[in-house]
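Single-structure report; data block below.
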Amino acid sequence: MKILVVAPHPDDETLGCGGTLLRHHADGDEIHWLIMTTITEKAGFSKERIESRKQEIDTVAEKYQFSSVRQTQYVTTTLDIVANNELISEISDFIGKVKPDTIYVPYRNDIHSDHTAVFDAVVSCTKSFRYPFICRVRVYETLSETEFSIRPDDTGFHPNLWVDISSYLEEKIKIMQLYEGEMGQPPFPRSEKNIRALATLRGSTAGVDAAEAFVTLKEII
């Protein structure tokens, strides 16, 4: 299979479906990574941080053994002011090159506006008559974003698909630790303890030691 994960920011792919991506690769699937934002000096980041982030992305890509990686030049936290058709065009172009049959996307009601913008743009690129190769669309949850949503119209993240990542949880955590400054100590959500806790919770629902959970939006078999 050809798998595409769309990440609003580098680290969302690991938090949301890192174990699943590792499992896909172990199963012989081809995996691809589309990163929808970047950081710049104009946005307040130092040259050193920009360079270290590039190195982080290269190292993470190597760990997952992605077949391809694309990072757009949209600045982080600004996707909500980018025209939706512009985001759709960017995503559609990459999808057309990869031709994935499975796409992983962030939850629309995450508290971060970039996640909402990415979700809306991606789902516009999943119409069967334009993208007949896409058979599965799955929504992942992101620690520090999904559980902090307080929208009154949001009924919450209710998964209907669980992937056993018991054999991949340790590697997922090691990859997440490659992101400088993104991990913290409990009760900070993006911590080793809380990554394990969520995997254990989702695993308990599925009857396994550790799992990642998803909402399946589309499944063609």
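These numbers come from the heavy atoms of this one structure, side chains and all, not from hydrogens, waters or symmetry mates. It should be emphasised that the depicted structure is a prediction, and the values quoted were computed from it without experimental measurement.
Atom CD of Gln65 sits about 4.0 Å away from atom NE2 of His25, to the nearest 0.5 Å. Between atom OG of residue Ser191 and atom CD of residue Gln185 there is a gap of 7.5 Å, rounded to the nearest 0.5 Å. If you take CD on Glu90 and CG on Asn85, they are separated by 12.0 Å, rounding to the nearest 0.5 Å. Residue Met183 holds its CE atom at 10.0 Å from CG of Asp11, rounded to the nearest 0.5 Å. Note that CD1 of Ile173 and CD of Glu192 are 4.5 Å apart. Values are rounded to the nearest 0.5 Å. Taking NZ of Lys47 as the start and OG of Ser52 as the end, the distance is 14.5 Å to the nearest 0.5 Å.
Residues forming a side chain to side chain donor-acceptor pair (under 3.5 Å) with Ser92 (at least two apart in sequence, or on another chain): Tyr131. Remark: Phe157 engages Tyr107 in a ring-ring contact (aromatic ring centres under 6.0 Å, His included) (not counting sequence neighbours). Applying the side chain to side chain contact (heavy atoms under 4.5 Å, CB included) criterion to Ala26, with sequence neighbours excluded, gives Tyr168. Applying the side chain to side chain contact (heavy atoms under 4.5 Å, CB included) rule to Ile220 yields the partners Ser128, Cys135, Lys218; only residues at least two apart in sequence or on another chain are considered. Take Asp110 and apply the side chain to side chain donor-acceptor pair (under 3.5 Å) test, not counting sequence neighbours, and it matches His115, Thr146. Partners of Glu86 according to the side chain to side chain donor-acceptor pair (under 3.5 Å) rule, which considers only residues two or more places apart in sequence or in another chain, are Tyr74. Evaluation of the side chain to side chain donor-acceptor pair (under 3.5 Å) rule for Glu170 yields Arg196 as partners, not counting sequence neighbours.
Contact detail for Asp114 and His9: the closest heavy-atom pair is OD2-NE2, 2.7 Å. Heavy-atom minimum distance, Thr126 versus Ile134: CA-CD1, 4.1 Å. Scanning both residues, Ala7 and Trp33, for their nearest heavy atoms gives CB-NE1, 3.8 Å. In plain terms, the two heavy atoms of Leu143 and Pro189 that are nearest each other are CD1-O, 3.7 Å. Cys17 and Tyr140 get closest at one heavy-atom pair: SG-CD2, 4.1 Å. What you find for Gly16 and Glu212 is that their closest heavy atoms are O-CD, 4.0 Å.
Alongside Phe148, the hydrophobic cluster contains Ile111 (criterion: ILVMFWY side chains under 4.5 Å). Cluster partners of Ile39, using a side-chain heavy-atom cutoff of under 4.5 Å among ILVMFWY residues and allowing indirect links, are Phe45, Ile50.
Among residue pairs with one or both ends in residues 93-104, those qualifying as salt bridge (Lys or Arg N to Asp or Glu O under 4.0 Å) are Arg70-Asp93, Asp93-Lys97, Asp101-Arg136; sequence neighbours excluded. Applying the ring pair (Phe, Tyr, Trp, His ring centres under 6.0 Å) test to every pair with at least one member in residues 194-220, sequence neighbours left out, gives these pairs: Tyr104-Phe214.
Taking a cutoff of 4.0 Å between a charged side-chain nitrogen and a carboxylate oxygen, Lys2 and Asp29 do not qualify as a salt bridge. Taking the charged nitrogens against the carboxylate oxygens, Arg49 and Glu56 do have a contact shorter than 4.0 Å, which makes a salt bridge.
Val105 has its side chain out of reach of Val118: every pair of non-hydrogen atoms, C-beta onward, lies at least 4.5 Å apart. Residues Val215 and Leu161 have side chains not in contact (no heavy-atom distance under 4.5 Å, counting atoms from C-beta outward). Looking at heavy atoms from C-beta onward, Val69 lies out of side-chain contact with His32 at the 4.5 angstrom threshold. In this structure, the side chains of His112 and Pro8 stay at 4.5 Å or more apart for every pair of heavy atoms. Contact check for Lys42 versus Val75: no side-chain heavy atoms found under the 4.5 Å cut-off. With a 4.5 Å cut-off on side-chain heavy atoms, Val6 and Ile103 count as touching. Put simply, the side chain of Thr76 does not reach to within 4.5 Å of the side chain of Thr78, judged on heavy atoms.
Looking only at atom types and distance, the side chain of Arg190 has a donor-acceptor partner in the side chain of Ser144 under 3.5 Å away. Defined by atom type and a distance below 3.5 Å, a donor-acceptor pair is missing between the side-chain atoms of Tyr179 and Thr14. Between the side chains of Asn109 and Ser149, no donor-acceptor pair is found at a separation under 3.5 Å.
In this structure, the side chain of Asn194 engages the main chain of Phe188 through a donor-acceptor pair within 3.5 Å. A donor-acceptor contact shorter than 3.5 Å is absent between the side chain of Glu48 and the backbone of Ser46. No donor-acceptor pair under 3.5 Å is formed between the side chain of Ser113 and the backbone N or O of Asp80. With hydrogens and angles disregarded, a donor-acceptor distance shorter than 3.5 Å links the side chain of Thr72 to the backbone of Met36. A distance-only check finds no donor-acceptor pair linking the side chain of Thr142 to the backbone of Asp12 [under 3.5 Å].
Val98 and Phe66 sit in two unconnected hydrophobic clusters of ILVMFWY residues. Membership requires side-chain heavy atoms under 4.5 Å apart, directly or through other members. One hydrophobic cluster, built from ILVMFWY side chains closer than 4.5 Å, holds both Phe94 and Val137. Under the 4.5 Å side-chain heavy-atom criterion for Ile, Leu, Val, Met, Phe, Trp and Tyr, Tyr64 and Met1 are members of the same hydrophobic cluster. Linking Ile, Leu, Val, Met, Phe, Trp and Tyr residues whenever their side-chain heavy atoms come within less than 4.5 Å leaves Val5 and Phe119 in two separate clusters.
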Query raised in the report: Hey, mind stepping through Leu4 and Leu34 against side chain to side chain contact (heavy atoms under 4.5 Å, CB included) and telling me if it holds?
Result: CA-CA 7 Å; Leu4 171 61; Leu34 175 58; 4.1 Å; yes

Requested in this report: List the steps, then state whether side-chain hydrogen bond (donor to acceptor under 3.5 Å, both in side chains) holds for Thr216 with Arg138.
Outcome: CA-CA 5 Å; Thr216 295; Arg138 297 169 176 173; 4.7 Å; no

Report task. Please assess Lys172 against Ile195 for the test side chain to side chain contact (heavy atoms under 4.5 Å, CB included), listing each intermediate value before the final yes or no. Result -> CA-CA 9 Å; Lys172 167 179 174 163; Ile195 291 173; 4.0 Å; yes

Requested in this report: For Ile88 and Asp120, run side chain to side chain contact (heavy atoms under 4.5 Å, CB included): C-alpha distance rounded to whole Å, both residues' side-chain angles, the deciding distance at 0.1 Å, then the answer.
Outcome: CA-CA 9 Å; Ile88 291 171; Asp120 287 345; over 6 Å; no

Requested in this report: Starting from the C-alpha separation in whole Å, work towards a yes-or-no answer on side chain to side chain contact (heavy atoms under 4.5 Å, CB included) for Leu79 and Leu87.
Outcome: CA-CA 8 Å; Leu79 293 185; Leu87 294 176; 4.0 Å; yes

Please report, to 0.1 Å, the donor-acceptor pairs under 3.5 Å made by any side chain of residues 202-210, with sequence neighbours excluded.
residue	atom	partner	partner atom	Å
Arg202	NE	Glu141	OE2	2.8
Arg202	NH2	Glu141	OE1	2.9
Arg202	NH2	Glu141	OE2	3.3
Ser204	OG	Leu201	O	2.6
Thr205	OG1	Leu201	O	3.4

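Annotation for Glu219: atom CD counts as buried by contact number, over 12 foreign heavy atoms lying within 6.0 Å. More than 12 heavy atoms of other residues, nucleotides or ligands shown are found within 6.0 angstrom of CD on Glu51.
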